[in-house]
There are 2 protein chains.
Amino acid sequence: MRSQSSYGAELEQLEESRNRFISELSNHVHLYGITPSVGRLYGTMFFSDGPMTLDDMSEALGMSKTSMSTGIRALLDANMVERAWEKGIRKDLYQADEDWYKSFTNVFINRWRNATELNRSAIEETKEMLNDLYARVEHPEIIGKIQCDLGKLSDAQAYYEWLDEVISLFETGEIFDIVPKKKGSRKHKM
Amino acid sequence: MRSQSSYGAELEQLEESRNRFISELSNHVHLYGITPSVGRLYGTMFFSDGPMTLDDMSEALGMSKTSMSTGIRALLDANMVERAWEKGIRKDLYQADEDWYKSFTNVFINRWRNATELNRSAIEETKEMLNDLYARVEHPEIIGKIQCDLGKLSDAQAYYEWLDEVISLFETGEIFDIVPKKKGSRKHKM
DNA sequence: TATTCTGTACAGTTTTTACTGAACAAACTT
DNA sequence: AAGTTTGTTCAGTAAAAACTGTACAGAATA
């Protein structure tokens, strides 16, 4: 005769499975500039049946509400969670954005776009400085070094121009013409 | 009458320009999983006239030789620097790989490929666990949750499959057919 | 207006990471 | 083989980041 398993025990096993995935996820979200703890927060919300309050999260993760607050802000900035509303609930509600394509490529685009822009203008500036210097300098050895540096910077510049275009591919969604989205086996999108 | 500027003064100005760029670079190499200090080390080698020894680096950056040793190892692992040989020099020599396309896409590919693989197998495992659980569980509520989780994981899985193909684009070099390399204005490649 | 509830700022603490110097091992020189 | 030179290991320290609890401000309730 089969033993009846308790609701609590079953739930616990479900939690264990979820945690299995959340742990792995949180180990690798640093690629998107997110710390493991915040990744864990995201994972928890991802599996949550509905929107969560800060207190829900605090309890689920066993961490302070302060941490939840700052963590949520990071996830909001990254557009990985969104605010939710439910009538009669005074507390702020949040839920994970379920569209991974959107969430994760967005984060990727913003971070790389930003860094690339800054690097490009740093190259521009440095080249200007070197050109100025080139006009003022008298020692042949230094002139040679300047020319060499300018060449190296041009190479770097070329790379960043290329990278810029690659990022645009994601920004415009053109990438999805090249590598089409895969369909999840889910019945219907929420 | 024009005042003669000293060699030292000119060199110092050159260093200043270089540092301008190196600082910006080191602020953003974290996208490639490299710490600012190691980024600064890379930048220093990038501008160096020739290969450098650990002692050269140590002096140039004002840091311990131990740090240079570990830093170089990180850069070697990332394939961003290579060993160099010069006859008569007993110390190990290193130089920055000048091909930014190669250096940086490689780092990118390795990091993302690795993370994606691990995440994918975590999803697989978690789905298996959930399917097992599905067979054993008795409470309808739990069954509903499991189905919901499986759906979410399938969505995530679809995303990772897509990401995998995107990474392959870079791995195979196919990306360069889509976004062609830009040429630097350098006279001749080394 | 007073009272309660909710999220955040801030200061202090713990944990983690980065860095250093001394000691060591391996390779080279004599 | 003895003596240098060179890179790395390791233990300890300094710096940075993550996390917490208290205190507070603003909004909702009464």
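Below, chains carry the letters A, B, ... as their sequence lines are ordered, and counting in each starts from 1. Since this is a predicted model, take the numbers as computed values, not measurements.
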Checklist entry - Is there a residue in residues 58-80 of chain B whose heavy atoms reach under 4.0 Å of DNA chain D, and which residues are they? => result B:Lys65, B:Thr66, B:Ser69, B:Arg73
Checklist entry - Please give, in whole Å, the distance from D:dT6 C1' to B:Leu93 CG? => result 12 Å
Item to check | Residue pairs fulfilling salt bridge (Lys or Arg N to Asp or Glu O under 4.0 Å) with at least one residue in residues 63-86 of chain B, sequence neighbours excluded | outcome: B:Asp55-B:Lys65, B:Arg83-B:Asp92
Next on the checklist: Can a donor-acceptor pair be found, under 3.5 Å and without considering hydrogens, that links the side chain of B:Tyr101 to the backbone of B:Lys182?
Outcome noted: yes
Checklist entry - Can you check the A:His30 NE2 to D:dA18 C1' distance for me, whole Å? => result 17 Å
Next on the checklist: Using a 4.0 Å cut-off on heavy atoms, which residues in residues 82-91 of chain B reach DNA chain D? List them by number, or say none.
Outcome noted: B:Arg90, B:Lys91
Next on the checklist: Which label fits A:Phe21 and A:Phe46: parallel for a plane angle under 30°, tilted from 30 to 60°, or perpendicular past 60°?
Outcome noted: tilted
Item to check | Exam field: side chain B:Thr126 to backbone B:Ala122, donor-acceptor pair closer than 3.5 Å | outcome: yes
Checklist entry - Rounded to the Å, how far apart are B:Asp55 CG and D:dT6 P? => result 7 Å
Item to check | Pair A:Thr116, A:Asn119: side-chain N/O donor-acceptor within cut-off below 3.5 Å | outcome: no
Checklist entry - Quick one: side chain to side chain donor-acceptor pair (under 3.5 Å) partners of B:Glu125, sequence neighbours excluded? => result A:Arg20
Checklist entry - Can you tell me if B:Arg113 and B:Ser168 form a side-chain donor-acceptor pair at under 3.5 Å? => result yes
Next on the checklist: Is it the case that the side chain of A:Glu171 and the backbone of A:Ile109 share a donor-acceptor pair, with hydrogens and angles ignored and the cut-off at 3.5 Å?
Outcome noted: no
Item to check | Test ring pair (Phe, Tyr, Trp, His ring centres under 6.0 Å) applied to A:Tyr134 - qualifying residues, sequence neighbours left out | outcome: none
Item to check | Sugar-phosphate, base or nothing in reach of A:Thr53, heavy atoms under 4.0 Å | outcome: nothing
Item to check | chain B footprint on DNA chain C, 5' to 3' - any atom under 4.0 Å from a heavy atom | outcome: C:dA18 to C:dT29
Next on the checklist: Are there over 12 heavy-atom neighbours, none belonging to B:Glu15, within less than 6.0 Å of that residue's CD?
Outcome noted: yes
